[in-house]
2 protein chains.
Amino acid sequence: MSRSGAELALLLLGAYRRMVDEVVAGLAAQGYPDVRPVHDFAMRAIADGADSASELGRRMSVSKQAAAKTIAVLVERGYVDREADPADARRKRLDVTPLGFEVMRAGEALFDELRESFAREIGASGLASLEAALQTLVGDSVVRIETPGWVAQELD
Amino acid sequence: MSRSGAELALLLLGAYRRMVDEVVAGLAAQGYPDVRPVHDFAMRAIADGADSASELGRRMSVSKQAAAKTIAVLVERGYVDREADPADARRKRLDVTPLGFEVMRAGEALFDELRESFAREIGASGLASLEAALQTLVGDSVVRIETPGWVAQELD
DNA sequence: CCATCATAGACAACATGGTTGTCGTTCGGT
DNA sequence: ACCGAACGACAACCATGTTGTCTATGATGG
């Protein structure tokens, strides 16, 4: 084996960074500046039913305080709406705004374009085996991230 | 195409995180707590001739101030030595200590073990195609990171 | 020889994205 | 009616980066 394990890690990180950097740059070019991956991720979770900061924190495996900071950014940019929950005075209900959905759609489109350009570079079958290999290696951890019935962690 | 571009990005990130998390945990178990990837990277650069904070910053594409903070951590933990440069009173010469080399060796071994366990999971040929595909996708960006004759950027 | 410019590093302020801990308020189950 | 659990707010802190400013030193060219 000529390649080292550390190089493999750098390759994985490099490929991820290439995707994320291009999508962030693409969104910025479309008038959505400074949209970080965590913002997109949080909006998806909110759209998917995480309607409170505590719930969002559980889904993203971060503390509710960290989730609240992310939410504050999204609210400030108009991507998420935050209003009192009539049914529970402790909660502030969260909703993704039309603008937020715009960003999510634009991000998805950019990611998909990027994936298609990958397919052109390494071939459709090459991409399929790449994804299959990665799926085997990461096991179900990606699935776990997207599982709606999130397993609550020890945070808070 | 059933899979989305965003999922591909998550897979790449997940695989990277799996490697890094296991190596960090392994190093901690061997008595090197809190060694972050950036620490290993910085030590490699220092061992490779980046003997000042400014030079290290250039090689890692971060500001010299950020490099100096990383160096401060490494010095405090005894992984790097820092002493006045007799030939240039502005500089503080950097050297990786024997303890630092121990950490680097341990990290390499853990990364290589992990890569071998990947080979068991997806086969040696599967790993080879994975690496080839990633190399194609990232282009020369990884090479650029390791290039000794680093292209100075606009930082500072 | 010396004026000027570039560089090294120290220090401060700040941003981002996390963490813990504490607290008041509200909800819900016994 | 109570008490525990949960929500959100607030503060303090950490890690890792950024700028910007400053001093000391080195290098270069007239």
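Just so it is clear, the structure is predicted and the values come from calculations on it, not from any experiment. A note on names: the letters A, B, ... follow the listed sequences, proteins ahead of strands, and every chain is numbered from 1.
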- Query: Does the side chain to side chain contact (heavy atoms under 4.5 Å, CB included) test come out yes or no for Y79(A) and V35(A), once each step is laid out?
  - Reply: CA-CA 10 Å; Y79(A) 297 157; V35(A) 177; 4.0 Å; yes
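- Interface remark: the R90(B) side chain does form a donor-acceptor pair with the dT7(C) base, using a distance-only criterion of under 3.5 Å.
- Residue S52(A) places its side chain closer to dC7(D) than to any other of dG17(C), dG18(C), dC7(D).
- Among dT18(D), dG17(C), dT19(C), the nucleotide with an atom closest to any side-chain atom of S63(B) is dT18(D).
- Contact annotation: T70(B) side-chain N/O to dG17(D) OP1/OP2 distance is under 4.0 Å.
- Across all strands shown, A68(B) has no heavy atoms under 4.0 Å from either base or sugar-phosphate atoms.
- The base of dG9(C) is not paired with the side chain of K92(B) by any donor and acceptor separated by under 3.5 Å.
- Contact annotation: R82(B) reaches the phosphate of dA10(C) (side-chain N/O to OP1 or OP2, under 4.0 Å).
- Counting atom types as modelled, Q65(A) pairs no side-chain N or O with a base atom of dG17(C) as donor and acceptor under 3.5 Å.
- Using a 4.0 Å cut-off, no side-chain N or O of S54(B) falls inside it from OP1 or OP2 of dT7(C).
- Listed nucleotides: dT16(D), dC27(C), dG18(C). Nearest to the side chain of K69(B): dT16(D).
- Checked by atom type and distance alone, the side chain of R93(B) never pairs as donor or acceptor with a backbone atom of R82(B) at under 3.5 Å.
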